[in-house]
Amino acid sequence: MHHGCPVLVYVQQADVFVDEEGARRVAESLFDKAAAAEFGLEGWKSLHELNPQSASQEAVDWVFLVDTLNFSFWSEREEQRYLVKYKGKTYSGYWSLCAAVNRALDEGIPITSASYFATMTLDQVRHVFRSDTEVPIPLIEERHWVLNESGTVLLEKFGGSFLTCVKMSEKSAQKLLRLVLENFPSYRDEAVFESKKVSFYKRAQILVADTWSVLEGKGDGFFDDISSLTIFADYRIPQVLVHLKAMMYSEELMKKLYEGTIFQSGDREEVEIRGCSIWCCALICRHLLQLYERKGQDMRGKINAVLLDYHLWDYARDHREEMKDVPFHRVRCIYY
C-alpha cells in the first residue's frame with residue numbers, strides 16, 4: 001500500500017458520513033485565508049512561540065522528540081487538566097508537552113539528545129513532564145518506554161540524530177515516512193477494518209510534516225512530494241470537521257460520544273471517524289485547489305493536507321467554546 005494515499009472507509013452500517021457540500025463550503029470559507037502567509041510554512045514558526053525558531057540539527061531533534069510523544073493529551077474532566085507553566089504562560093494539551101520540553105532544556109536537561117532519553121528512568125520522565133496541577137500527563141509509563149526505544153534506535157542506526165534519517169530520505173517525504181515506520185515501532189499506527197489493513201500514520205506523518213516546517217521546506221527539508229501526506233487523524237480534526245458540517249455522525253454514535261464512551265484503538269467507530277476525516281480533508285484540499293484554478297491560480301505548492309491540518313487544528317484550539325456542540329471521540333493510545 002502506498003503510504004500517502006487517503007484511506008477510504010466505506011461500510012454497510014456506517015456511523016460517519018462525509019458531506020460533499022459541507023466540504024465545499026469549508027473550502028470556500030478558507031479561500032482568502034489559504035493565500036495568506038500564515039496559512040503557509042511561515043505560520044509554523046511565527047504563530048507558535050514554543051516551536052524552535054532555527055533550522056538546525058537541534059531543532060530537528062526537538063521535533064523528533066516532541067512527535068515521538070505527540071499522543072493522548074485529552075483530560076477525563078475539563079476542569080482537571082494537565083497544565084505546564086512556562087515563561088509566565090500556562091499551556092494545555094499538546095502545547096503543555098512542548099512547554100515541558102523547553103522548560104527541561106532551560107534547566108540544562110538534554111531531553112532532546114538520544115543518548116539521554118534512550119536511558120531515562122521513569123522518575124526522570126516524571127520529573128521532566130511534571131504538571132503544574134494535580135493531574136499528571138497521561139500514559140507516563142508508555143511515554144517512558146517509547147522514549148527509551150526510540151532513543152536506542154537513533155543511537156544504533158542513525159548516529160544519535162534524526163537529521164541522519166532526514167538526510168537518508170533524499171528529499172522525499174514518502175521515503176522519510178517509510179524510514180520512520182520501518183525503524184520506530186511506536187509510529188506504526190495501523191488497524192484492521194473489514195479484514196483490510198488500514199494505515200493512518202498520524203504521528204509518522206506529522207513528524208515528516210514538522211521536519212519540513214522546521215527546515216522551512218529548504219535544504220534537507222525540501223520535499224517535493226509533501227502533498228502526498230494526508231491529514232493527521234487525531235481526535236481534534238474530526239471534531240472540527242463535524243462542527244463545520246463537513247462530516248456527520250449518526251445519532252447512535254453521537255449518543256456514545258455524549259456518554260463519554262472510551263473506544264479502543266482499532267474499534268470500528270474509531271477507524272470510521274479517522275478514515276472519513278482523512279477523506280473529508282482530501283476533498284476540502286481538492287475543492288480549494290479548484291477554486292484557485294478557476295481564478296487562474298495554481299496553488300499546488302501552497303495548499304496541501306499538512307497546511308490544512310495545521311489550520312484546522314489551530315481553529316479547533318481557538319474555538320474551543322463553540323465546539324462544545326460536538327464531543328470528541330475518546331481513545332487512550334500512543335498513536336494520537
Side-chain angles (χ1 to χ4, degrees), residues 4 6 18-20 22-51 63 66-67 70 73 91-95 98 173 200-203 205-217 221 223 226-247 273-274 276-293 295 297-323 325-326 328 336:
V18 174
D19 185 324
E20 177 96 33
R24 188 177 283 119
R25 278 195 303 275
V26 171
E28 281 163 4
S29 74
L30 288 174
F31 184 72
D32 297 325
K33 288 192 187 76
E38 282 73 59
F39 191 88
L41 258 177
E42 299 88 271
W44 194 85
K45 289 180 180 179
S46 66
L47 299 176
H48 304 301
E49 72 271 5
L50 292 174
N51 284 343
V63 160
V66 163
D67 284 328
N70 186 354
F73 300 108
Y91 296 91
S92 65
Y94 164 75
W95 296 113
C98 300
F200 294 108
Y201 304 141
K202 181 257 182 183
R203 285 198 298 112
Q205 292 199 98
I206 212 168
L207 172 58
V208 175
D210 286 348
T211 300
W212 175 66
S213 301
V214 80
L215 295 175
E216 295 166 10
F223 301 135
I226 193 69
S227 59
S228 65
L229 298 183
T230 71
I231 61 118
F232 321 126
D234 63 356
Y235 38 89
R236 284 283 170 241
I237 295 292
Q239 184 189 26
V240 77
L241 291 172
V242 175
H243 171 76
L244 294 171
K245 299 189 168 37
M247 215 163 75
I273 289 171
R274 297 181 80 201
C276 287
S277 301
I278 290 173
W279 178 236
C280 184
C281 286
L283 285 178
I284 294 170
C285 278
R286 187 188 294 171
H287 288 311
L288 250 179
L289 288 168
Q290 284 167 353
L291 286 170
Y292 281 105
E293 265 165 39
K295 291 266 194 288
Q297 282 176 279
D298 182 357
M299 295 286 279
R300 272 173 306 195
K302 293 204 175 68
I303 290 167
N304 56 45
V306 172
L307 297 173
L308 176 62
D309 184 288
Y310 286 164
H311 174 80
L312 290 173
W313 198 84
D314 283 345
Y315 178 96
R317 188 202 52 197
D318 298 339
H319 296 80
R320 275 183 84 107
E321 284 311 303
E322 297 110 279
M323 282 177 46
D325 60 329
V326 184
F328 63 88
Y336 64 101

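We use all heavy atoms of the structure for the numbers below, so side chains are in, but hydrogens, waters and symmetry mates are not. What you see is a predicted model; the values in this text were computed from it and never measured.
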Trainee: Identify every side-chain donor-acceptor pair in residues 282-292 under 3.5 Å, counting partners at least two apart or on other chains, and give the distances.
Mentor:
unit_1, atom_1, unit_2, atom_2, d
His287, NE2, Glu20, OE2, 3.2
Tyr292, OH, Phe31, O, 2.1
Tyr292, OH, Ala35, N, 3.4

Trainee: Does any N or O in the side chain of Gln239 come within less than 3.5 Å of the main-chain N or O of Val326, such that one atom is a donor and the other an acceptor?
Mentor: yes
Trainee: Could you tell me whether the side chain of Lys202 and the main chain of Asn70 form a donor-acceptor pair under 3.5 Å?
Mentor: yes
Trainee: Report the residues that fulfil side-chain hydrogen bond (donor to acceptor under 3.5 Å, both in side chains) with Tyr91, sequence neighbours left out, ordered by chain and then residue number.
Mentor: Glu49
Trainee: Treating Gln205 as the side-chain partner and Phe200 as the backbone partner, does any N or O pair qualify as donor plus acceptor under 3.5 Å?
Mentor: yes
Trainee: Which heavy-atom pair separates Val208 from Ala173 by the least distance, and what is that distance?
Mentor: CG1-CB, 3.7 Å
Trainee: Before giving the answer on salt bridge (charged side-chain N to carboxylate O under 4.0 Å, His left out), spell out for Asp298 and Arg300 the whole-Å C-alpha distance, their side-chain angles and the decisive distance to 0.1 Å.
Mentor: CA-CA 6 Å; Asp298 182 357; Arg300 272 173 306 195; 2.7 Å; yes
Trainee: Which distance, rounded to the nearest 0.5 Å, do you find between the CG of Leu312 and the CG of Leu30?
Mentor: 6.5 Å
Trainee: Go through the structure and list residues passing side-chain hydrogen bond (donor to acceptor under 3.5 Å, both in side chains) with His48, not counting sequence neighbours.
Mentor: Asp314
Trainee: State the CG-SG distance between Leu308 and Cys280, to the nearest 0.5 angstrom.
Mentor: 9.0 Å
Trainee: Evaluate the ring planes of Tyr315 and His319, with Trp represented by its six-membered ring, and classify them as parallel (under 30°), tilted (30 to 60°) or perpendicular (over 60°).
Mentor: parallel
Trainee: Would you say Arg274's side chain and Ala233's backbone share a donor-acceptor pair under 3.5 angstrom?
Mentor: yes
Trainee: Can you see which heavy atom on Trp95 is nearest to which on Arg317, and at what distance?
Mentor: NE1-NH1, 3.4 Å
Trainee: Under 6.0 Å between the ring centres of Trp313 and Tyr94?
Mentor: yes
